[in-house]
Amino acid sequence: MEKDKYWLSVIFPIAAISSGFSVIIPLYILELHGNVVDVSLATTAYSLAVIPASLFWGELTQRLKKIKLFIMLSVIGVIPLIVLLYLLHSILLAVIIYAAYAFILTASSPAINMLIMNRRKKTILRSYYGIYGLMSIIGNLIGYLPGVLLFSDVIARYLLILFAFNIASLVFAILFVKEEKQRIKEEKEKHLHRMFPMLNVLSKFPQILAGHHLIIEIAELRKRKKTVRIMTIFAAIALVNFGIYLFNTSYIPFLYSYKISYSDIFLINMLNGFGQVVIYLIFMWGKAKNTLRRYYRLSTVVRSTGYFIAIISILSLTAVLYLNLFSYFVAGLGYALWNISASVIIYVNIAGKMEAHYIGLWSAIIGLSGVLGAISSGFLSFYLGYIFTFIFAIAFTLSSILVFNRAYIDGHKIRDFGNKV
């Protein structure tokens, strides 16, 4: 790795901690005799905390432009949260800490985006996937791995490992992250800041949307005929995101209820990450030759197939683990296909057309659909059962195809970096 790219090493431990929290918080709550509703409340609190955090850190980063400061602040701020989880045992505390973690984690997001974009001549989405997206997923896998290898007292030991990851990210930030010597030109700076929410959708950090254009004039947008396609695409993507949260929020409690061991739960999550890596590599190596619209439609089918395999595992008496390993791997394939195709399709449709307004609306929609999906998941699973929750997730995901097709009813084609949208 070239010397000026050493700072990228900070992404690995930050992503590892992010993935670790996403698994250990539900297990922590369930171990304290919480239920799927408690887990959904924690996920909802996380998603809600991201919204004000996006406003706050995006604005503060743009004004102060202290990149290293915000990365350091994000890293150091996680330390007391891990310590509190280790020393105190409370479901309410876990919910509060998960929300606090979301707020603190977001502090590093605009700064990391700025570092990446400032070291490129052009904002090319393929390059972003290659540098940030794939590295984030690999960081997630690094975070899952210790959980797979632990077989007893997993939660306490894993929290110590998260603490070690945090120290590593702190060391990397101190050694390798440097403040920018030259100020970005004002217009370029504004453009990069507007792109924070969109670029973060491309990463694996769950719903970290860093930008301050969250509140927009929706009434005005509805009056413009040219917004119909964009709004329709937003609605289609919101349906898939709702289904993702509907499924994912209840998935770890579901596995826990079927006596899947902690190490196997981490392994299942690793398989999901491997599925995403496969898709990212296919796109990076130029093997994806079809239109992104077709990949979007395919992603909903693939993701729904993963959900369906999970339903089959409920009916199985002997192959629950193996079916879920395959289920979440397939779901990972579908998620990566959806993430890439949806994000690029949005970008090429809004480029040069009131970007800040549309990105603000997109941030609000994706955040709201995640919050609604998370809270709905807990109550549906608690009162109706996991099968019905997963069926609803399939229904919302597949319904996205019908809405999405309305956006391209005229067959219009747009090219983006050699890919037909």
Side-chain angles (χ1 to χ4, degrees), residues 43 47 197-198 200-202 204 206-207 209 221-222 227-251 272 275-276 279 283 288 290-311 327-328 330-350 358-359 361-377 380 388-414 416 419-421:
T43 305
S47 302
M198 184 58 58
N200 273 297
V201 174
L202 310 182
K204 185 58 178 69
Q207 307 308 332
L209 307 170
L221 287 176
R222 293 175 60 186
T227 66
V228 172
R229 169 181 291 173
I230 297 172
M231 299 293 284
T232 305
I233 294 173
F234 283 173
I237 293 173
L239 287 171
V240 176
N241 194 59
F242 181 86
I244 287 172
Y245 271 81
L246 200 61
F247 180 84
N248 284 354
T249 302
S250 290
Y251 191 56
N272 183 271
Q276 293 182 54
I279 298 300
F283 273 82
N290 252 308
T291 64
L292 290 171
R293 277 179 286 170
R294 181 168 295 180
Y295 287 127
Y296 180 92
R297 298 183 185 103
L298 178 62
S299 74
T300 61
V301 175
V302 173
R303 183 81 187 177
S304 297
T305 301
Y307 299 162
F308 182 71
I309 297 171
I311 293 174
S327 166
Y328 222 34
V330 173
L333 295 173
Y335 177 82
L337 269 175
W338 173 77
N339 198 12
I340 294 172
S341 58
S343 298
V344 178
I345 285 172
I346 289 175
Y347 177 76
V348 299
N349 273 278
I350 69 173
Y358 286 121
I359 289 174
L361 180 58
W362 162 244
S363 302
I365 289 174
I366 203 74
L368 180 60
S369 63
V371 169
L372 294 177
I375 195 67
S376 300
S377 179
L380 280 173
F388 284 98
T389 302
F390 297 166
I391 289 174
F392 279 122
I394 291 173
F396 278 101
T397 303
L398 291 179
S399 67
S400 173
I401 298 178
L402 301 177
V403 178
F404 183 79
N405 285 341
R406 295 289 301 174
Y408 286 97
I409 199 168
D410 59 355
H412 181 63
K413 293 182 179 179
I414 305 173
D416 174 67
N419 284 317
K420 289 183 179 179
V421 175

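Once rounded to the nearest 0.5 Å, the distance linking CD1 of Ile365 with CG of Leu239 reads 10.5 Å. Atom-to-atom distance recorded for Arg294:CZ and Leu337:CG is 13.0 Å, nearest 0.5 angstrom. Here the CG-OG1 distance, from Leu298 to Thr291, works out to 10.5 Å after rounding to the nearest 0.5 Å. To the nearest 0.5 Å, atoms OG1 (Thr389) and CG (Leu380) are separated by 5.0 Å.
Of the possible donor and acceptor atoms, one in the side chain of Ser250 sits under 3.5 Å from a partner among the backbone N and O of Ser377. A distance-only check finds a donor-acceptor pair linking the side chain of Ser369 to the backbone of Ile366 [under 3.5 Å]. Looking at Arg297, its side chain never comes within 3.5 Å of a backbone N or O of Ile401 through a donor-acceptor pair.
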- Decide yes or no on ring pair (Phe, Tyr, Trp, His ring centres under 6.0 Å) for Phe247 and Phe392, but give the supporting numbers first. CA-CA 9 Å; Phe247 180 84; Phe392 279 122; over 10 Å; no
- Message: Working note: Thr397 + Thr300, criterion side-chain hydrogen bond (donor to acceptor under 3.5 Å, both in side chains); need CA distance, chi angles, decisive distance, verdict.
- Response: CA-CA 6 Å; Thr397 303; Thr300 61; over 6 Å; no
- Intermediate values then yes/no, side chain to side chain contact (heavy atoms under 4.5 Å, CB included), Trp338 and Ile237: CA-CA 9 Å; Trp338 173 77; Ile237 293 173; 3.3 Å; yes
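Side chain to side chain, Tyr328 and Asn248 meet the donor-acceptor criterion of an N or O pair below 3.5 Å.
For Ile394, the side chain to side chain contact (heavy atoms under 4.5 Å, CB included) criterion is met by Ser304, Tyr307, Phe308, Ile311, Leu398, not counting sequence neighbours.
Ring geometry for Phe404 against Tyr296 counts as parallel: the plane angle stays under 30°, on a 0 to 90° scale with 60° as the upper cut.
Here the closest heavy-atom approach between residue Ala236 and residue Ser400 is recorded as O-OG, 2.8 Å.
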